[in-house]
Amino acid sequence: MSMRAPLSLKARAIALLAQREHSASELRQKLLRIAREQARLATAQAAETSATETAQPAEAGPDPTEDVDALLAWLQAQGYLDETRFVESRIHARASRFGTMRIAQELSRHGLALDAEQQAALKSGELDRARLIWQRKFGDTPPQDAAARARQARFLAGRGFSGDVVRRLLRGLEADD
């Protein structure tokens with residue numbers, strides 16, 4: 001049975017980026033995990049093949065942090081890793097389901113932020129996005145009582161829409177009646 005050699009760290013990074021955009025911090029975490037696992041497997045294989053090291057524990061491999069950081073710098077220099085592209089793809093993927101606050105929170109977990117132009121663009125269409133999400137969830141029937149109104153407001157707030165947008169949407173629905 002022939003075993004293929006594992007992919008290099010660079011090949012794994014490019015494969016991950018081919019699947020979807022990643023932030024530098026997210027890709028760094030994944031690559032560090034992969035590099036440490038590859039080092040652990042290499043150490044285990046070396047210990048297996050060496051019959052003279054029966055009583056000695058295997059040495060821990062070198063820390064791959066420098067290699068991963070150098071690879072990330074190379075990926076950025078070559079244009080494979082672009083945080084602006086990551087932010088744009090995240091906005092595109094999330095805007096139809098979430099409000100500006102939720103998108104900004106998700107980006108902050110990656111160590112990134114919306115620029116002023118992106119923030120303004122998201123805020124300008126937030127009421128319309130909230131209305132579409134509300135219609136998908138609740139149909140065209142406005143809340144009949146305070147409990148239903150509170151439930152709908154909590155749903156929209158949980159999706160990352162500001163309190164002002166939620167109030168304007170629910171007041172607009174009641175005004176339409």
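No experiment lies behind these values; they were computed from the predicted model shown.
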Look at the side chain of [X] and the backbone N and O of [Y], then say whether any donor-acceptor pair between them is shorter than 3.5 Å.
{"X": "Glu83", "Y": "Leu112", "result": "no"}
{"X": "Arg159", "Y": "Arg102", "result": "no"}
{"X": "Gln118", "Y": "Ala116", "result": "no"}
{"X": "Arg12", "Y": "Lys30", "result": "no"}

Does [X] share a hydrophobic cluster with [Y], counting links as ILVMFWY side-chain heavy atoms below 4.5 Å and allowing steps through other members?
{"X": "Phe86", "Y": "Leu17", "result": "no"}
{"X": "Val87", "Y": "Tyr80", "result": "no"}
{"X": "Leu72", "Y": "Trp74", "result": "yes"}

Point-to-point distance, once rounded to the nearest 0.5 Å, from [atom1] of [X] to [atom2] of [Y]:
{"X": "His92", "Y": "Arg85", "atom1": "NE2", "atom2": "CZ", "answer": "15.0 Å"}
{"X": "Ile14", "Y": "Leu9", "atom1": "CD1", "atom2": "CG", "answer": "10.5 Å"}
{"X": "Ser96", "Y": "Ile91", "atom1": "OG", "atom2": "CD1", "answer": "12.5 Å"}
{"X": "Thr43", "Y": "Arg36", "atom1": "OG1", "atom2": "CZ", "answer": "13.0 Å"}
{"X": "Leu81", "Y": "Glu26", "atom1": "CG", "atom2": "CD", "answer": "10.0 Å"}
{"X": "Leu71", "Y": "Glu66", "atom1": "CG", "atom2": "CD", "answer": "13.5 Å"}

Can you give me the closest heavy-atom contact between [X] and [Y], atom names plus distance?
{"X": "Leu75", "Y": "Ala13", "answer": "CD1-CB, 3.7 Å"}
{"X": "Glu21", "Y": "Ser89", "answer": "CB-OG, 3.6 Å"}
{"X": "Asp140", "Y": "Pro142", "answer": "O-CD, 3.3 Å"}
{"X": "Gln152", "Y": "Thr141", "answer": "NE2-O, 4.3 Å"}
{"X": "Leu170", "Y": "Pro143", "answer": "CD2-CG, 4.4 Å"}
{"X": "Phe98", "Y": "Phe161", "answer": "C-CZ, 3.8 Å"}

Practice item. Could you please spell out the steps behind the side chain to side chain contact (heavy atoms under 4.5 Å, CB included) verdict for Thr65 and Arg28? Key: CA-CA 9 Å; Thr65 304; Arg28 184 176 191 272; 3.0 Å; yes
Side chain to side chain, [X] and [Y], heavy atoms closer than 4.5 Å:
{"X": "Val68", "Y": "Leu27", "value": "no"}
{"X": "Arg129", "Y": "Leu122", "value": "yes"}
{"X": "Ile34", "Y": "Leu16", "value": "yes"}

Point to revise | Full working for side chain to side chain contact (heavy atoms under 4.5 Å, CB included) between Arg131 and Arg168 | key: CA-CA 10 Å; Arg131 182 174 287 112; Arg168 285 177 31 212; over 6 Å; no
Exercise for review: Give the C-alpha distance, both sets of side-chain angles, the deciding distance and a yes or no for ring-ring contact (aromatic ring centres under 6.0 Å, His included) between Phe155 and Trp134.
Suggested key: CA-CA 9 Å; Phe155 169 77; Trp134 176 85; 9.8 Å; no
Exercise for review: Inspect the contact between Arg40 and Glu37 and indicate whether a charged nitrogen and a carboxylate oxygen are less than 4.0 angstrom apart.
Suggested key: yes
Practice item. Please step through side chain to side chain contact (heavy atoms under 4.5 Å, CB included) for the pair Leu114 and Leu107, ending with a clear verdict. Key: CA-CA 8 Å; Leu114 294 167; Leu107 289 172; 3.5 Å; yes
